[in-house]
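As structure tokens, the structure follows; a few thoughts come after it.
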Amino acid sequence: TIARSIGLDFEKIRKAIVTDADFAVLADDEGTSADFDARGTPHFFINGRRLVGAQPFEKFKEVIDAELARLKTLPAGAGTPYERVMRSAEDPPGPDTKKVAAAPASAPSRGNAGATVVIQEFSDFQCPFCARAQPVLKEVRDAYGARVRFVWRNKPLPMRKDAQLAAEAAMEAKA
């Protein structure tokens, strides 16, 4: 119903779902989230720094401002600002910061590809906590504009009946 209401080709989406056309993308996102112990949703990595749950704008602001300041201390070099930050990243003493590789180029994203700060969200379309995070993410977009890029990573949780199907449908809608 949603696909039709926004003008998408439902039959094409249905065929992709039936044939598991997006299995590899979803499996990669699930594997990556497991690698970085991203168990719950929504789960964010901001330049590799973990932020879990539907957090208020102030939490995002604190981490983003710290990352913007940190970039200014790094030597100039080749690559995007995100790549420069990740080159200097250290393994954390605790579980709050992880080296999170850049998402595949095919991952759904919003914002400037060369943004200074990259927020990767591991999320589930049926998660009520994930939905609560969206107004805060809009605040972040409004406050930081082109300096922040958002990347969606699928993490459909098995306890939600249609989460896997929603993730597959979304990947097809993007395609």
Do the side chains of [X] and [Y] join up, straight or via other hydrophobic residues, at under 4.5 Å, putting them in one cluster?
{"X": "Val151", "Y": "Val100", "answer": "yes"}
{"X": "Val148", "Y": "Phe57", "answer": "yes"}
{"X": "Phe36", "Y": "Val85", "answer": "yes"}
{"X": "Phe10", "Y": "Ile17", "answer": "no"}
{"X": "Leu157", "Y": "Phe122", "answer": "no"}

Checklist line | Passing option when Arg147 is tested against Leu68, Val117, Asn112, Leu71 for side chain to side chain contact (heavy atoms under 4.5 Å, CB included) | finding: Leu68
Taking the side chain as C-beta and beyond, is there a heavy-atom pair between [X] and [Y] under 4.5 Å?
{"X": "Thr41", "Y": "Arg160", "answer": "yes"}
{"X": "Asn47", "Y": "Met86", "answer": "yes"}
{"X": "Arg87", "Y": "Leu74", "answer": "no"}
{"X": "Glu30", "Y": "Ser33", "answer": "yes"}

Check: Does NZ belonging to Lys138 count more than 12 external heavy atoms closer than 6.0 Å?
Finding: no
Notebook entry, point to check: Is atom CG of Leu8 surrounded by more than 12 heavy atoms (other residues, nucleotides or ligands) closer than 6.0 Å?
Noted result: yes
Gap between atom [atom2] of [Y] and atom [atom1] of [X] - 0.5 Å precision:
{"X": "Lys161", "Y": "Gln126", "atom1": "NZ", "atom2": "CD", "result": "8.5 Å"}
{"X": "Met171", "Y": "Phe23", "atom1": "CE", "atom2": "CZ", "result": "13.5 Å"}
{"X": "Ile119", "Y": "Arg110", "atom1": "CD1", "atom2": "CZ", "result": "12.0 Å"}
{"X": "Gln55", "Y": "Phe129", "atom1": "CD", "atom2": "CZ", "result": "12.0 Å"}
{"X": "Ile13", "Y": "Arg4", "atom1": "CD1", "atom2": "CZ", "result": "9.5 Å"}
{"X": "Ser123", "Y": "Phe44", "atom1": "OG", "atom2": "CZ", "result": "6.5 Å"}

Notebook entry, point to check: Who are the side chain to side chain donor-acceptor pair (under 3.5 Å) partners of Arg39, not counting sequence neighbours?
Noted result: Asp37
Next item on the list: Please test Glu168 against Gln164 for side chain to side chain contact (heavy atoms under 4.5 Å, CB included), starting from the C-alpha separation and ending with a verdict.
Entry: CA-CA 6 Å; Glu168 292 176 26; Gln164 180 73 25; 3.2 Å; yes
Checklist line | Stepwise side chain to side chain contact (heavy atoms under 4.5 Å, CB included) check, Glu121 with Leu137 | finding: CA-CA 10 Å; Glu121 176 181 1; Leu137 295 177; 3.4 Å; yes
Notebook entry, point to check: If you take all heavy atoms of Lys61 and Asp65, which pair is closest and at what distance?
Noted result: NZ-OD2, 2.7 Å
Margin query: So which atom in Ala107 and which in Ala103 form the shortest heavy-atom distance, rounded to 0.1 Å?
Written below: CB-CB, 3.9 Å
Item checked: Ring centres under 6.0 angstrom apart (Tyr144, Phe60) -> no
Margin query: Given 3.5 Å as the limit, does a donor-acceptor pair link the side chain of Asn154 with the main chain of Asp124, or not?
Written below: no
Item checked: Under 3.5 Å: donor-acceptor pair, side chain of Lys155, backbone of Ala38 -> yes
Item checked: Cation-aromatic face contact Arg149/Tyr82, 6.0 Å, 45 degrees -> no
Checklist line | Residue from Gln120, Arg153, Arg50 passing side chain to side chain donor-acceptor pair (under 3.5 Å) with His43 | finding: Arg50
Next item on the list: Apply salt bridge (Lys or Arg N to Asp or Glu O under 4.0 Å) to the pair Arg70 and Glu67, showing each step before the final yes or no.
Entry: CA-CA 5 Å; Arg70 182 166 70 114; Glu67 287 303 300; 2.7 Å; yes
